[in-house]
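First comes the structure, then the notes that go with it.
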Amino acid sequence: MMRAAVIQFPGSNCDRDMAVAIRDITGADTSLVWHRESVLPSGLDLIAIPGGFSYGDYLRSGAMAARSPVMQAVIAAAGRGVPVLGVCNGFQILTEAGLLPGALMRNAGIRFVCRTVGLTVENNQSMFTSGYSAGEKIHIPVAHHDGNFFADDATLDRLEGEGRVAFRYAEPVNGSARNIAGVLNDAGNVLGMMPHPERMIEAMQGGSDGRRLFEGLIREIA
Amino acid sequence: MSEITPQIVADHGLNEEEYARILHAMGRVPNMVELGIFSVMWSEHCSYKSSRIHLKKLPTEAPWVICGPGENAGVIDIGEGPNGSKLAAIFKMESHNHPSYIEPYQGAATGVGGILRDVFTMGARPVANMNALRFGRPDHPKMKHLVQGVVAGIGGYGNCVGVPTVGGETNFHPAYDGNILVNAMTVGVADQDKIFYSAATGVGNPIVYVGSKTGRDGIHGATMASADFGADIEEKRPTVQVGDPFTEKLLIEACLELMASDAIVAIQDMGAAGLTSSSVEMATNGKAGIILDMDKVPCREEGMTPYEMMLSESQERMLMVLKPGREEFAKAIFDKWELDFAVIGEVTDTGHMVLTWKGEVVCDIPLGPLAEDAPLYDRPAASKEEYTAWANVKPLGDVPASKDLGADLLTLMASPDIASRAWIWQQYDSQVGGDTAQLSGGDAAVVRIHGTNRALAMSTDCTPRYCYADPYEGGKQAVAETYRNISAVGATPLAITNCLNFANPQRPEIMAQIVGCLEGMGDACRALDYPIVSGNVSLYNESKATGGGSAILPTPAIGGVGVLEDVGKMATIGFKTDGDGIFVIGHNNGHLGQSLWLRELHGREDGAAPSVDLGQERAHAEFVRQLIQDGKVNAVHDVADGGLLVALTEMALASGKGCALEEIGDAFTAFGEDQARYVVTSAAADQIQAAGIPMTRIGTVGGTSVAGPGFDVPIATLRNAHDSFFKNWMES
């Protein structure tokens with residue numbers, strides 16, 4: 001059986017939603033891991049870092065969480081090739097922890113934005129995006145205040161050149177450089193994205209485009 | 001301790017007669033700590049002294065009511081949960097009006113924080129936040145700032161704690177220029193066998209303080225002039241509290257974790273009047289006494305006096321009575337969540353509240369007399385005739401004919417009270433939790449009960465202009481509109497909470513509004529089997545300072561809750577299928593008195609408010625619910641502000657499908673605001689008939705415009721108008 005962990009920081013608030021999505025879609029044995037743990041459960045096939053406001057986002061979104069004990073274990077696991085998915089605050093934490101390039105700044109419009117947005121699947125060759133076709137347009141909700149992806153032009157050119165832009169907004173949402181909504185690390189086993197795939201997994205939620213991320217992932221892992 | 005002078009008494013907001021009551025209750029002259037405690041417990045906010053005799057007349061019972069008014073929030077039975085559990089919905093609405101005018105972000109944020117605590121203190125996980133907002137005229141110099149601040153504050157708090165904000169209402173009227181209203185509602189879900197109450201029992205049981213430390217913020221607004229209370233002006237802090245939603249999130253998780261055990265005897269949040277009201281209410285409800293050691297209260301700053309500790313309104317704090325011997329177990333949970341935990345006293349059998357500090361008794365109040373001697377006012381109210389003369393609502397008289405229904409429609413769609421609220425609700429995380437089935441923009445918000453196929457439906461409503469023109473009918477209408485909105489998604493309305501916002505009750509005309517609205521609400525609740533289980537009263541909402549009307553419109557905001565048995569059958573407002581017939585359920589009498597059309601197109605707030613036939617409300621709602629249950633209708637929308645043509649346009653905007661209308665030919669039929677009406681669409685007209693239910697076919701779904709005799713407005717044009725108000729206002 002597939003094994004997954006959802007990391008729980010004080011202030012995480014999409015931890016349950018992420019665990020529900022992983023369990024329902026992949027059937028994985030999914031445990032919640034508290035931020036003070038320095039050792040992860042053994043044999044993990046997936047680590048998810050959920051959305052929310054870790055440590056209140058009081059210093060900088062994700063900055064304190066990136067330095068919590070559990071993140072050392074996550075960084076080590078990512079280095080061994082364990083898939084790591086960071087959504088929203090999870091994406092912010094991954095950039096702060098250095099697992100992904102760039103930074104997520106305050107939305108260009110200053111205000112918090114929660115709505116379902118169009119995304120283009122830029123790369124369907126990764127373990128996270130194999131459930132989609134290349135260039136496919138999907139719809140997934142965002143809900144964030146700090147989703148404005150920033151990196152210098154050289155980094156952006158490299159990310160695009162190496163196929164590490166997983167998702168792009170179909171139209172400007174938050175001021176992100178080149179409308180980038182999700183990026184991969186160079187090994188392809190770490191994905192950070194601002195939109196919430198775990199909130200779009202059944203008709204009642206308005207669609208199931210997020211479901212296919214998890215379905216693709218389990219096929220890749222299995 | 002300094003001497004209690006008449007000036008100090010007055011500074012505490014107490015009149016001479018009330019001070020005499022304190023002397024009677026105490027049997028001696030109180031000290032400053034005691035005076036401070038009396039002043040907040042006997043404030044309008046805590047004692048309901050002007051409204052209590054009228055509130056008592058409201059219906060509060062039904063077989064599904066588990067706990068009515070009197071606790072932190074109301075509790076109703078919502079049936080089965082996962083694995084055969086029995087679930088309860090716990091909910092309440094509360095005002096944070098004055099703080100939000102002074103400091104809109106923090107005022108609104110702490111309003112959300114306070115109502116969340118009222119709900120989770122009873123054992124519920126909060127699953128939805130709602131709100132009811134009233135602002136002044138948009139071109140008032142302060143209003144844009146206030147709207148931006150309030151919306152950001154509601155979002156800033158709710159988004160961080162991870163409770164979806166799923167619905168609400170927003171109105172604009174010059175009567176709120178100097179006094180905006182921010183009413184916040186939280187709905188939570190609990191296991192019926194895990195509901196927690198506030199009665200402190202068990203002599204010797206430890207009293208525990210958890211959450212944030214106590215600071216000097218929020219100490220009551222009366223300007224203090226006594227020697228032992230901050231003679232130095234530098235010591236004064238703003239009277240608006242500052243919220244910390246991160247701590248609240250930790251507090252929710254820690255409390256729910258502890259509540260899963262059997263360690264708690266009683267629990268109460270520290271809301272208005274902080275440690276004072278929580279400790280007094282817990283001891284009074286338990287018919288017990290209480291002793292607290294003020295040296296043990298976790299304080300944010302050094303040198304705080306018992307007076308300050310007792311009157312502080314620092315946020316994110318709770319008071320609990322634990323079973324003896326469970327302190328260490330409980331402390332470990334709060335340590336995990338990095339929250340303060342302190343045993344600060346114990347339950348006694350003295351019937352007194354005793355506070356010690358530095359080894360001395362600094363307060364000793366008999367709790368019985370504190371409650372029994374509390375002032376209760378039957379304030380004089382103007383008669384209906386006197387009120388009508390004072391309110392000066394002109395008769396409807398001649399109504400000008402509409403020259404162009406399409407142009408009128410565009411004006412209405414762009415008007416502040418009808419315009420799209422997307423600018424507001426896109427700043428709220430409406431989907432965290434993964435159970436949101438319908439949010440702002442439809443009739444009622446719908447949130448699935450986690451782990452089930454059932455859902456809660458919620459709506460907040462009030463039409464203050466109706467309440468002003470006719471308090472009784474307006475009170476009825478506010479209740480009926482929530483009933484209608486909840487029915488329109490297919491849910492059965494079960495109970496309401498209310499937030500009663502009025503001006504100064506010492507004016508007989510304002511008292512007439514209060515009495516009239518409450519009578520109307522009561523009659524509606526009785527007729528609809530829709531009891532009131534919790535609520536809040538906010539009086540003295542008036543200000544002459546800002547050039548607006550001095551008193552707000554009477555605004556008894558209602559928050560209704562219902563249950564949808566199968567979320568898969570939920571109805572929505574958008575047109576679904578080209579060719580569907582469009583039908584109106586209810587009587588179309590063309591009532592234009594107090595209508596938005598008259599106000600927005602002709603600048604007149606004239607005429608009688610529409611009357612509400614409660615028998616029709618109930619019959620039509622039951623019929624609509626049955627149609628939805630049986631899958632006979634494709635779209636459902638209630639008819640409210642702006643009348644039928646606005647409702648139809650909203651259905652078109654929600655779907656991108658237009659309609660061709662036949663029966664709408666003048667302002668009366670297009671924009672009349674008759675009550676108890678719904679629009680439904682169906683392919684099979686003969687399937688949706690019933691004896692005694694008035695039903696009129698008015699058109700057909702299809703096309704790309706809203707068209708009728710003499711008008712044809714493209715949906716794109718209507719959408720631009722609908723989106724224009726907030727866009728133009730906020731980007732100007």
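In the text below, chain A, chain B and the rest are named by the order of the sequence lines, each starting its count at 1. What you see is a predicted model, and the numbers here were worked out from it, not measured in a lab.
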Query - Region of Ala437(B) that comes under 4.5 Å of a non-hydrogen atom in chain A - result: both
Query raised in the report: Which residues satisfy the ring-ring contact (aromatic ring centres under 6.0 Å, His included) test with Trp729(B), sequence neighbours excluded?
Result: Phe172(B), Phe725(B)
Report summary line: chain A shares the most heavy-atom pairs under 4.5 Å, among Gln438(B), Lys249(B), Arg448(B), Met570(B), with Arg448(B)
Query raised in the report: Which atoms of Val161(B) come close to chain A, meaning under 4.5 Å heavy atom to heavy atom: side chain ones, backbone ones, both, or neither?
Result: backbone
**Report entry** Gap between atom CG of Asp429(B) and atom CZ of Phe53(A) - 0.5 Å precision
**Finding:** 7.5 Å
Report task. Could you label the plane-to-plane angle of the Tyr58(A) and Phe246(B) rings as parallel, tilted or perpendicular, counting under 30° as parallel and over 60° as perpendicular? Result -> perpendicular
Query raised in the report: Which atom names give the shortest non-hydrogen contact between Cys114(A) and Gln431(B), and what distance separates them?
Result: SG-OE1, 4.0 Å
Query - Atom group of Ser430(B) that falls short of 4.5 Å from chain A, counting heavy atoms - result: both
Requested in this report: Measure across Trp34(A) and Lys336(B) and return the closest heavy-atom pair with its distance rounded to 0.1 Å.
Outcome: CZ2-O, 3.6 Å
Query - Gap between atom CD of Gln148(B) and atom CZ of Arg111(A) - 0.5 Å precision - result: 7.5 Å
Requested in this report: Please round to the nearest 0.5 Å and tell me the distance separating atom CZ of Arg115(A) and atom CH2 of Trp425(B).
Outcome: 10.0 Å
Report task. Enumerate by number any residue of residues 196-207 of chain A whose heavy atoms lie under 4.5 Å from heavy atoms of chain B; in the absence of such residues, state 'none'. Result -> Arg199(A), Glu202(A), Met204(A), Gln205(A)
Report task. Report the option among Cys160(B), Gly162(B), Gly434(B) that has the most heavy-atom pairs separated by less than 4.5 Å from atoms of chain A. Result -> Cys160(B)
Query raised in the report: Between Gly155(B), Ala152(B), Gly433(B), which shows the greatest number of heavy-atom pairs under 4.5 Å with chain A?
Result: Gly433(B)
Report summary line: Heavy-atom closest pair (Val432(B) atom, Asp17(A) atom, distance to 0.1 Å) is C-OD2, 3.7 Å
Query raised in the report: Considering all heavy atoms of both residues, which atom of Asn159(B) and which atom of Asn13(A) are nearest to each other, and what is their separation?
Result: O-ND2, 3.1 Å
